[in-house]
Amino acid sequence: MTPIHAPVLPDPEGQVRSTSAESEAPVAARHPIIYNLFPTLAGQAPRWVAHAERARRMGFGWIYLNSVLYPGFSGSLYAIKHYDRLHPLLAPDETLSGLDALAPTIRSIRDLGLSVMVDLVINHTAKDNPLVASRPGWYRWDAQGELVSPSAIDPANADNVTVWGDLAEIDNNGAADRDELWTFWERLLFELMDVGFTGFRCDAAYKVPAALWERLITRAKAREPATLFVAETLGARLEEIDALGSVGFDYFYNSSKWWDFCQPWCLEQHERLRDVVPSISFPESHDTPRLAAETSAHELIQRQRYAFAAVFSEGVQLTIGYEFGFRRPLDVVTTRPSDWEDRAFDLVPFIAHVNALKRRHPLLRTEGVLSSIATSSNDVAVIRRWSDRTGTHRGVIAINRNTAESRTIVLPWQDLPSDSRVYWLCREDAAVGTVPAGEVLPLAPAEVVMIGEAL
């Protein structure tokens with residue numbers, strides 16, 4: 001399978017993102033290290049703060065919350081019935097159900113030094129949303145007079161189409177009173193900003209006209225320049241997401257989660273995208289199975305996939321419970337605090353070390369320029385990583401695909417700075433060593449190693 005979750009765009013001259021320390025963009029926005037706090041697993045809003053404290057200890061700079069608004073009849077977080085009310089499971093108490101009830105919690109999280117991102121869902125509503133009756137012209141209707149439900153095509157199999165029957169698709173492009181509709185979304189965005197959110201994961205961004213995104217992003221950043229916008233494009237066709245490349249998104253999610261460290265598609269996609277918009281990697285998400293469930297809680301693989309995600313792109317995201325090897329999938333309808341699991345292991349110190357290196361090392365603070373280096377071992381993937389096209393910072397990433405046996409490789413010395421160090425990313429203490437004599441590098445099972453300049 002070759003997932004295509006990020007736009008394939010041209011490589012125009014002059015669009016390389018600045019890596020200068022003088023850049024006016026805030027550090028958190030330029031280098032997002034994100035913790036996805038799934039709200040119905042955590043429970044009522046005041047309980048989120050303890051999870052945010054753990055995320056801060058692991059070195060995350062952002063908390064991302066899935067949709068927190070009042071759901072329709074299906075109970076899905078993404079089937080929104082009321083935009084001015086909280087999900088009843090998340091409200092601090094029965095008397096505090098409006099959006100402003102979140103403000104104390106968001107303020108407490110921000111007082112920890114974390115920024116907070118939330119889903120912005122504007123391509124559909126729940127079918128029982130009152131807007132269906134009061135604003136029918138905002139929706140798409142079929143020839144039989146029925147509401148159209150949104151759908152998505154499996155990028156690996158175009159015949160596999162998922163239809164969400166509890167949802168009604170908004171006609172953001174063709175609504176008769178389109179300006180009123182777009183103003184409604186703008187008010188929602190500003191209300192979320194008033195609560196304290198400074199980032200937005202734009203759900204199914206390819207289902208929304210680029211002109212609407214440009215309007216919302218432009219106006220939000222005119223109010224608060226540091227506001228972050230991330231486009232979710234899972235399941236999109238290339239022609240659907242191509243139009244999003246120039247409207248102001250800060251990041252897209254990339255497809256590296258599905259890479260086997262062997263096939264060329266992942267590095268090819270990265271190369272075609274990197275100068276247009278940087279990306280965010282993740283080892284699992286709320287939409288995927290738990291990695292620990294797929295590997296029988298294989299701790300080495302859990303370490304490997306997070307370390308790789310951290311070194312692959314400018315941004316990285318981790319889903320709540322990954323650090324403890326949770327196996328139960330997150331469900332947008334049924335997940336509750338009672339689904340919290342016993343720990344299979346504890347990766348908190350490991351993740352903290354990886355995130356600290358990502359924050360500090362100049363090689364990992366940009367999207368980078370990646371290319372494959374041939375190696376004599378079929379089990380080892382070696383990637384040349386430059387911080388930019390001129391190679392201001394240069395290094396190598398080595399990944400042992402074998403999860404049971406050690407391997408060795410001969411280092412490409414000509415690609416490495418003279419003061420290079422070896423950063424053993426998958427080890428508990430994130431050990432740092434000198435380049436070994438003879439330039440032969442041993443790799444433990446499932447090891448991810450970065451060789452780059454000394455800090």
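Just the heavy atoms: all of them, side chains too, but no hydrogens, waters or symmetry mates, feed the values below. All of these numbers come straight from a predicted model, not from anything done at the bench.
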Side chain to side chain, [X] and [Y], heavy atoms closer than 4.5 Å:
{"X": "Phe60", "Y": "Asn355", "value": "yes"}
{"X": "Val422", "Y": "Leu441", "value": "yes"}
{"X": "Leu425", "Y": "Val311", "value": "yes"}
{"X": "His87", "Y": "Val68", "value": "no"}
{"X": "Leu41", "Y": "Leu330", "value": "yes"}
{"X": "Val316", "Y": "Phe282", "value": "no"}
{"X": "Ser67", "Y": "Ile80", "value": "yes"}
{"X": "Val118", "Y": "Leu120", "value": "no"}

Given 3.5 Å as the limit, does a donor-acceptor pair link the side chain of [X] with the main chain of [Y], or not?
{"X": "Arg107", "Y": "Val195", "result": "no"}
{"X": "Ser420", "Y": "Leu416", "result": "no"}
{"X": "Arg407", "Y": "Val380", "result": "no"}
{"X": "Arg328", "Y": "Asp339", "result": "yes"}
{"X": "Lys207", "Y": "Asn123", "result": "no"}
{"X": "Gln44", "Y": "Pro46", "result": "no"}
{"X": "Gln317", "Y": "Ile34", "result": "no"}
{"X": "Arg365", "Y": "Lys358", "result": "no"}
{"X": "Thr366", "Y": "Ser387", "result": "yes"}
{"X": "Asn36", "Y": "Leu318", "result": "no"}

Do the two ring centres, one from [X] and one from [Y], sit under 6.0 Å apart?
{"X": "Tyr35", "Y": "Trp62", "answer": "no"}
{"X": "Phe345", "Y": "His298", "answer": "no"}
{"X": "Tyr78", "Y": "His124", "answer": "no"}

Salt bridge check: are [X] and [Y] linked by an N-O gap of less than 4.0 Å?
{"X": "Arg54", "Y": "Glu323", "value": "yes"}
{"X": "Arg303", "Y": "Glu299", "value": "yes"}
{"X": "Asp342", "Y": "Arg327", "value": "no"}
{"X": "Glu284", "Y": "Arg290", "value": "yes"}
{"X": "Arg219", "Y": "Glu186", "value": "yes"}
{"X": "Glu447", "Y": "Arg427", "value": "yes"}
{"X": "Glu271", "Y": "Arg274", "value": "yes"}
{"X": "Asp203", "Y": "Arg201", "value": "yes"}

Compute whether any side-chain donor of one residue and acceptor of the other, for [X] and [Y], lie under 3.5 angstrom apart.
{"X": "Ser281", "Y": "Ser256", "value": "yes"}
{"X": "Glu367", "Y": "His270", "value": "yes"}
{"X": "Asn400", "Y": "Asp379", "value": "no"}

Could you pull out the closest heavy-atom pair between [X] and [Y], with the gap in Å?
{"X": "Met117", "Y": "Val230", "value": "CE-CG2, 4.1 Å"}
{"X": "Cys426", "Y": "Phe350", "value": "CA-CE1, 3.7 Å"}
{"X": "Leu300", "Y": "Pro445", "value": "CD1-O, 4.0 Å"}
{"X": "Asp419", "Y": "Arg421", "value": "O-NH1, 3.1 Å"}
{"X": "Ser74", "Y": "Val333", "value": "O-CG1, 3.3 Å"}
{"X": "Leu86", "Y": "Ala91", "value": "CD1-CA, 4.0 Å"}

Separation of [Y] [atom2] from [X] [atom1] (nearest 0.5 Å):
{"X": "Ile217", "Y": "Cys202", "atom1": "CD1", "atom2": "SG", "value": "6.0 Å"}
{"X": "Asn66", "Y": "Leu37", "atom1": "CG", "atom2": "CG", "value": "9.0 Å"}
{"X": "Ser279", "Y": "Tyr253", "atom1": "OG", "atom2": "OH", "value": "11.0 Å"}
{"X": "Trp48", "Y": "Ser108", "atom1": "CH2", "atom2": "OG", "value": "12.0 Å"}
{"X": "Leu189", "Y": "Ile122", "atom1": "CG", "atom2": "CD1", "value": "8.5 Å"}
{"X": "Arg85", "Y": "Leu90", "atom1": "CZ", "atom2": "CG", "value": "13.0 Å"}

Query raised in the report: Taking it one step at a time, do Thr288 and Glu294 satisfy side-chain contact (heavy atoms from CB on, under 4.5 Å)?
Result: CA-CA 10 Å; Thr288 71; Glu294 296 179 307; over 6 Å; no
Query - Criterion side-chain hydrogen bond (donor to acceptor under 3.5 Å, both in side chains) on Ser285 and Asp287, from CA distance to verdict - result: CA-CA 5 Å; Ser285 77; Asp287 285 320; 4.6 Å; no
Query raised in the report: Got a sec, which residues hit salt bridge (Lys or Arg N to Asp or Glu O under 4.0 Å) with Arg223, two or more places apart in sequence or on another chain?
Result: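 With neighbours one apart ignored, the set is Asp194.
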Report task. Before giving the answer on side-chain contact (heavy atoms from CB on, under 4.5 Å), spell out for Thr334 and Thr40 the whole-Å C-alpha distance, their side-chain angles and the decisive distance to 0.1 Å. Result -> CA-CA 8 Å; Thr334 64; Thr40 55; over 6 Å; no
Query raised in the report: Is there a ring-ring contact (aromatic ring centres under 6.0 Å, His included) between Trp213 and Phe200 once you walk through the steps?
Result: CA-CA 12 Å; Trp213 285 129; Phe200 298 92; 9.7 Å; no
Query raised in the report: Residues in ring-ring contact (aromatic ring centres under 6.0 Å, His included) with Phe261, at least two apart?
Result: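 For Phe261 the ring-ring contact (aromatic ring centres under 6.0 Å, His included) partners, ignoring immediate neighbours, are Trp259, Phe308.
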Between [X] and [Y], how do the two ring planes meet: parallel, tilted or perpendicular, split at 30° and 60°?
{"X": "His51", "Y": "Trp340", "result": "tilted"}
{"X": "Phe38", "Y": "His286", "result": "tilted"}
{"X": "Tyr322", "Y": "Tyr306", "result": "tilted"}

Report task. Determine, stepwise, if the pair Asp331 / Thr335 fulfils side-chain hydrogen bond (donor to acceptor under 3.5 Å, both in side chains). Result -> CA-CA 5 Å; Asp331 190 287; Thr335 291; 5.4 Å; no
Query raised in the report: Hey, mind stepping through Arg394 and Asp388 against salt bridge (Lys or Arg N to Asp or Glu O under 4.0 Å) and telling me if it holds?
Result: CA-CA 9 Å; Arg394 304 185 182 196; Asp388 52 39; over 6 Å; no
Report task. Establish, for the pair Arg343 and Phe324, whether the NZ or CZ atom is under 6.0 angstrom from the six-membered ring centre and no further than 45 degrees off its axis. Result ->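 That pair qualifies as a cation-pi contact.
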Query - ring pair (Phe, Tyr, Trp, His ring centres under 6.0 Å): pairs with one or both residues in residues 96-119, sequence neighbours excluded - result: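 Ring pair (Phe, Tyr, Trp, His ring centres under 6.0 Å) check on residues 96-119 returns no pairs.
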